[in-house]
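Quick notes on the structure that follows.
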Amino acid sequence: MAYTTLTNVKGLMAKFSVGVSTTPTEAQATTIIDAIAWEIDAALVGVGYTLPCEGPAWFVSWLGMLNAYGAAAAILKSMFPDATGPGESPAYAFWESRYQEGLKGIRDGTIVIPDAVRGLSPSTYFTRNPDAEEDLGTIAEPFFKRGKVF
């Protein structure tokens with residue numbers, strides 16, 4: 001399932017039209033949008049998230065923009081396949097960089113993805129650790145632990 005629509009993608013590349021008789025056609029552009037959504041889904045699943053992603057709304061909106069960035073870049077690449085050369089900046093470079101940054105953020109964890117997407121219930125320190133202290137590694141060593149007897 002795509003996170004964006006052809007209308008949203010067309011809005012990002014308003015100077016270049018996509019229609020019934022263009023290359024790519026509207027049908028081909030819709031296929032590209034779906035393929036980009038699948039790539040986003042693969043990145044999410046690859047780091048342990050559950051699909052379909054249906055909320056929270058702000059995160060689904062962000063995925064929609066990421067989908068639109070990737071689709072705009074791919075469509076522009078197909079419109080102008082030989083548009084790069086020494087010192088040139090192709091029409092798709094801006095959208096491609098935003099898309100790649102978003103995918104990288106999903107993969108390396110710099111994009112904070114809500115617990116609801118992971119299929120987890122939101123938690124706090126106390127709900128995760130009702131009977132024992134959480135192991136915080138070397139970042140915090142308490143002076144007194146719950147089970148310490150003096």
Side-chain angles (χ1 to χ4, degrees), residues 1-140:
M1 171 189 85
Y3 297 100
T4 193
T5 63
L6 181 58
T7 302
N8 291 341
V9 174
K10 284 181 175 181
L12 293 178
M13 36 183 267
K15 184 176 179 181
F16 307 102
S17 64
V18 176
V20 177
S21 60
T22 61
T23 302
T25 64
E26 285 186 349
Q28 291 168 329
T30 301
T31 301
I32 290 170
I33 292 168
D34 290 340
I36 296 296
W38 297 330
E39 188 173 18
I40 293 167
D41 286 348
L44 288 168
V45 169
V47 292
Y49 297 102
T50 304
L51 296 177
C53 180
E54 297 173 344
W58 65 266
F59 186 67
V60 175
S61 292
W62 181 81
L63 290 174
M65 286 306 303
L66 187 62
N67 195 171
Y69 297 155
I75 290 167
L76 288 168
K77 280 182 197 179
S78 71
M79 286 178 162
F80 309 104
D82 299 323
T84 58
E88 291 182 49
S89 180
Y92 61 83
F94 177 74
W95 301 122
E96 178 71 18
S97 68
R98 295 203 64 177
Y99 174 64
Q100 291 301 331
E101 287 171 16
L103 275 186
K104 181 181 179 294
I106 290 171
R107 290 181 179 132
D108 68 15
T110 55
I111 300 294
V112 178
I113 301 175
D115 282 345
V117 178
R118 287 185 174 179
L120 304 174
S121 301
S123 65
T124 67
Y125 179 89
F126 296 108
T127 59
R128 287 190 313 268
N129 306 286
D131 299 320
E133 292 180 14
E134 185 172 338
D135 181 13
L136 300 175
T138 59
I139 64 168

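The figures that follow rest on heavy atoms only: side chains count, while hydrogens, waters and symmetry mates do not.
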Using modelled atom types and a 3.5 Å cut-off, is there a donor and acceptor pairing between side-chain atoms of K10 and backbone atoms of V18? yes
Heavy-atom distance under 4.5 Å between the side chains of F59 and L63, does that happen here? yes
What heavy-atom pair brings W62 and G102 nearest, and what distance separates the two atoms? CH2-O, 3.9 Å
Examine distances only and state if a side-chain atom of T22 and a backbone atom of G19 form a donor-acceptor pair shorter than 3.5 Å. yes
Find the distance between CH2 (W38) and CG (N67) and round it off to the nearest 0.5 Å. 11.0 Å
Shortest non-hydrogen contact from P24 toward S78: CD-OG, 3.3 Å
Heavy-atom pair with the smallest gap, counting every atom of S17 and M79: O-CE, 3.1 Å
Can you name the nearest heavy-atom pair linking A68 to V9, along with the distance? CA-CG2, 3.9 Å
In terms of relative ring orientation, are F16 and F80 parallel, tilted or perpendicular, with 30° and 60° separating the classes? perpendicular
Carefully, step by step, assess E96 and K77 under the rule side chain to side chain contact (heavy atoms under 4.5 Å, CB included). CA-CA 10 Å; E96 178 71 18; K77 280 182 197 179; 3.3 Å; yes
Find the distance between CD1 (I75) and CD (E26) and round it off to the nearest 0.5 Å. 10.0 Å
With distance as the sole criterion, is a donor-acceptor pair present between the side chains of Y3 and D41 under 3.5 Å? yes
Are any non-hydrogen side-chain atoms of L76 and M13 less than 4.5 angstrom apart? yes
Rounded to the nearest 0.5 Å, what separates atom CD in Q100 from atom OH in Y69? 14.0 Å
Minimal heavy-atom distance between A74 and I32, with the atoms involved, is CB-CG2, 3.6 Å
How long is the gap from CD1 on I33 to CD1 on I36, to the nearest 0.5 Å? 9.5 Å
Looking at CD of Q28 and OG1 of T23, how far apart are the two atoms once the value is rounded to the nearest 0.5 Å? 7.0 Å
I need the E39 CD to I106 CD1 distance, nearest 0.5 Å. 10.0 Å
Would you mind reporting whether T25 and V20 have side-chain heavy atoms less than 4.5 Å apart? no
